[in-house]
Amino acid sequence: MNSWFRKFLFDNKKDYHVYIGSGFQGTVAPHHHSFYHVLLLISGSIVQHQNGEDVLQSPGEVFITAPGVTHSLDIAEGTRYYCLSFSRNVADMLLSYFPRLKADFSNFPALMRLSEKTDAAVKQSLACLIEEQTYAEVPYYCTGHLLAVSALMMMLRDVYVELFLTDIRPKQDDFSSMLRCLEYIDAHYDEPVNSDELARMVMLSKSAFYKAFQAYTGRTVKQYLTEKRIREAIQFMSLSNLSLNDIGKKVGYEDFSTFYRNFVKITGMSPTDYRTRIVTMGAEPHDRRG
C-alpha cells in the first residue's frame, strides 16, 4: 500500500491504518512518510535501510520509522508482516504514557524484539484493529485509536523499561544470566560459541540454560548466533569493499558455503545479490572506519 493512499485514509478516516502485507518480494525504493510507521514481522525477513544503517528484521521483531525519515526495504520471498501507520494524535497519546520517549523516537532503538507472549498479544490487538477499521463509517464510540495505542504500548513497554526504568525493575537471576550470555555472544560472535560453555559460565544446567535462553530471546543459541553473524555481515557489505569470502571469515565462517547458506536462509537472497542491490540503490560500499 503506497504512502499517498495511506495519507488519503488518514485524511478521511482519522488517525491510523493497519494491514497485513504479503505476496511482495524485492526492493522498496527509498521514501518517507508524513506519519509514524511500525512494521511487525510475522514470517520471512526484511533488511531495513534507515539512517545510514542496514538492519535485518526477523519474525517477532518490530521496526519503527518516524515521520520524514527516508528509508527503504529489501523484502524476502514469503514474508508477511503487520504494518501499522498512525498520526501525531495517536503518537501524542502514546507519549503521554512514555514521557521520556522523544516524539521522533530518536532516543529509542528502531528495531525491537518482542517476547513470545507480547508478540502474541500485539498480533491479537492488531487483528482486532483491522476488524475495527472495517467499521470506519460508524461515527460514534470508535475504539480504533485506543486499540492502536494499546498495541503500540505493548510493543514499546519492555524496551522502554529497560532503557529508562531499570532502577525500579525487579532483579531476576535468569534475566541477569541471559544478559551476560548475550553480551558474550555479541562480543565473540566471530569465534566458535559453545552452548555447554555458556551454561557453565552462568552456572545453570544444560536443560535450564536452554529453556531460559529460548524464553528470553525467542531463539536457540545457534539461531541467535547465526542472526548476529548475518547482521554483522550486512554491515561489512554495506561499509567496506571486502570480498564476500573475507566477510564470511570475519563473522565466524571459515567455510564460505555455510556462510552463503545461512545468509540466504536469513535474508532470502544470496550475498552477491544483496551487495548488487546496495550498488544499484546508490549506496556504494566504502572503507569501514574503526
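Nothing here was measured: the structure is a model prediction, and the numbers come from that model.
Contact detail for Val202 and Ser177: the closest heavy-atom pair is CG1-O, 3.5 Å. Taking all atoms of both residues into account, the shortest heavy-atom contact from Asp54 to Gln235 is O-NE2, 2.7 Å. In terms of heavy atoms, Leu41 sits closest to Arg80 at CD1-O, 3.7 Å. Closest non-hydrogen pair, Ser43 versus Pro59, comes out as CA-CG, 3.9 Å. The two residues Phe236 and Ser240 have their closest heavy-atom pair at O-OG, 2.6 Å. Closest approach of Leu126 and Ala151 over heavy atoms only: CD2-CB, 4.0 Å.
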Notebook entry, point to check: Between Tyr81 and Cys83, does a side chain to side chain contact (heavy atoms under 4.5 Å, CB included) hold up when you go through it step by step?
Noted result: CA-CA 6 Å; Tyr81 54 88; Cys83 180; 4.1 Å; yes
Note to self: Applying side-chain hydrogen bond (donor to acceptor under 3.5 Å, both in side chains) to Asp273 and Ser270, what does each step give before you reach the verdict?
What the structure shows: CA-CA 5 Å; Asp273 288 344; Ser270 71; 3.3 Å; yes
Item checked: CA sep, side-chain torsions, deciding dist, call: Gln25, Thr79, side chain to side chain contact (heavy atoms under 4.5 Å, CB included) -> CA-CA 8 Å; Gln25 171 190 355; Thr79 297; over 6 Å; no
Note to self: Under the criterion side chain to side chain contact (heavy atoms under 4.5 Å, CB included), I'd like the reasoning laid out for Arg219 against Arg113: C-alpha separation, chi angles, the key distance, then a yes or no.
What the structure shows: CA-CA 11 Å; Arg219 297 284 189 274; Arg113 165 154 290 282; 2.5 Å; yes
Notebook entry, point to check: Where do Glu232 and Lys228 land on the side chain to side chain contact (heavy atoms under 4.5 Å, CB included) test, with the steps shown first?
Noted result: CA-CA 6 Å; Glu232 292 298 319; Lys228 171 65 177 177; 3.0 Å; yes
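Side-chain contact check for Met93 versus Phe86: every heavy-atom pair is 4.5 Å or farther apart. Looking at heavy atoms from C-beta onward, Lys222 lies out of side-chain contact with Val193 at the 4.5 angstrom threshold. Two residues are said to be in side-chain contact when any heavy atoms from C-beta on lie closer than 4.5 Å; Ser72 and Thr27 fail this criterion. Between Thr267 and Tyr274 the shortest side-chain heavy-atom distance does not fall below 4.5 Å. Two residues are said to be in side-chain contact when any heavy atoms from C-beta on lie closer than 4.5 Å; Leu156 and Ile64 meet this criterion. The closest side-chain heavy-atom distance from Tyr82 to Val38 is not below 4.5 Å. Side-chain atoms of Gln57 and Val47, non-hydrogen and from C-beta on, never get closer than 4.5 Å to each other. Taking 4.5 Å as the limit, some side-chain heavy atom of Phe213 sits within range of a side-chain heavy atom of Ile185.
Hydrophobic cluster membership is shared by Ile130 and Val90, with clusters built from Ile, Leu, Val, Met, Phe, Trp and Tyr side chains linked at under 4.5 angstrom. With hydrophobic clusters built from ILVMFWY side chains whose heavy atoms lie under 4.5 angstrom apart, Leu111 does not share a cluster with Val159. Note on Met153 and Tyr16: same hydrophobic cluster, where clusters join Ile, Leu, Val, Met, Phe, Trp and Tyr whose side-chain heavy atoms are under 4.5 Å apart, directly or indirectly. In the hydrophobic cluster analysis, where Ile, Leu, Val, Met, Phe, Trp and Tyr join through side-chain heavy atoms closer than 4.5 angstrom, Val69 is grouped apart from Leu39. Neither Phe209 nor Met203 shares a network with the other; the hydrophobic side chains, linked directly or stepwise wherever heavy atoms of I, L, V, M, F, W or Y lie under 4.5 Å apart, form separate groups for each.
With salt bridges taken as basic N to acidic carboxylate O contacts below 4.0 Å, one links Arg231 and Glu61. Here Lys123 pairs with Asp119 in a salt bridge; the nearest charged N to carboxylate O distance falls below 4.0 Å.
Other residues, nucleotides and ligands contribute only 12 or fewer heavy atoms inside 6.0 Å of the CD atom of Gln124. More than 12 heavy atoms of other residues, nucleotides or ligands sit less than 6.0 Å from atom CD of Gln223.
Among Asn245, Leu242, Asp190, the single residue meeting the side-chain contact (heavy atoms from CB on, under 4.5 Å) criterion with Lys250 is Leu242.
At distances below 3.5 Å, not a single donor-acceptor pair connects side-chain atoms of Glu227 with backbone N or O atoms of Ile266. Of the possible donor and acceptor atoms, none in the side chain of Thr70 sits under 3.5 Å from a partner among the backbone N and O of His32.
From His17, atom NE2 reaches atom OG of Ser87 across 13.5 Å, with rounding to the nearest 0.5 Å. One finds the OG1 atom of Thr118 at 10.5 Å from the CE atom of Met112 (value rounded to the nearest 0.5 Å). With rounding to the nearest 0.5 angstrom, the CG atom of Leu56 is 10.0 Å from the CD1 atom of Ile46. Taken from CZ in Phe263 to CD1 in Ile230, the straight-line distance is 6.5 Å, to the nearest 0.5 Å. Atom CG in Leu163 sits 11.0 Å away from atom CG in Asp158 (nearest 0.5 Å). The NE2 atom of His49 sits 7.5 Å away from atom OG of Ser238, with the distance rounded to the nearest 0.5 Å.
Pairs passing the ring-ring contact (aromatic ring centres under 6.0 Å, His included) check and including a residue from residues 55-79, sequence neighbours excluded, read His31-His71, His33-His71, His37-His71.
Arg229 forms a cation-pi arrangement with Tyr253, by the criterion of a distance under 6.0 Å to the ring centre and an angle within 45° of the ring axis.
Checking Asp104 against Ser106 by side-chain atom types alone, a donor-acceptor pair falls below 3.5 Å. Counted by atom type alone, Ser243 and Asp246 present one or more donor-acceptor pairs between their side chains at under 3.5 Å. A donor-acceptor contact under 3.5 angstrom links the side chains of Tyr36 and Arg88, judged on distance only. Between Thr65 and Gln50, the side chains place a donor N or O and an acceptor N or O closer than 3.5 Å (distance only, hydrogens not considered).
Applying the salt bridge (Lys or Arg N to Asp or Glu O under 4.0 Å) criterion to Lys206, with sequence neighbours excluded, gives Asp196. When the side chain to side chain donor-acceptor pair (under 3.5 Å) test is applied to Thr258, the partners found at least two apart in sequence or on another chain are Asp255.
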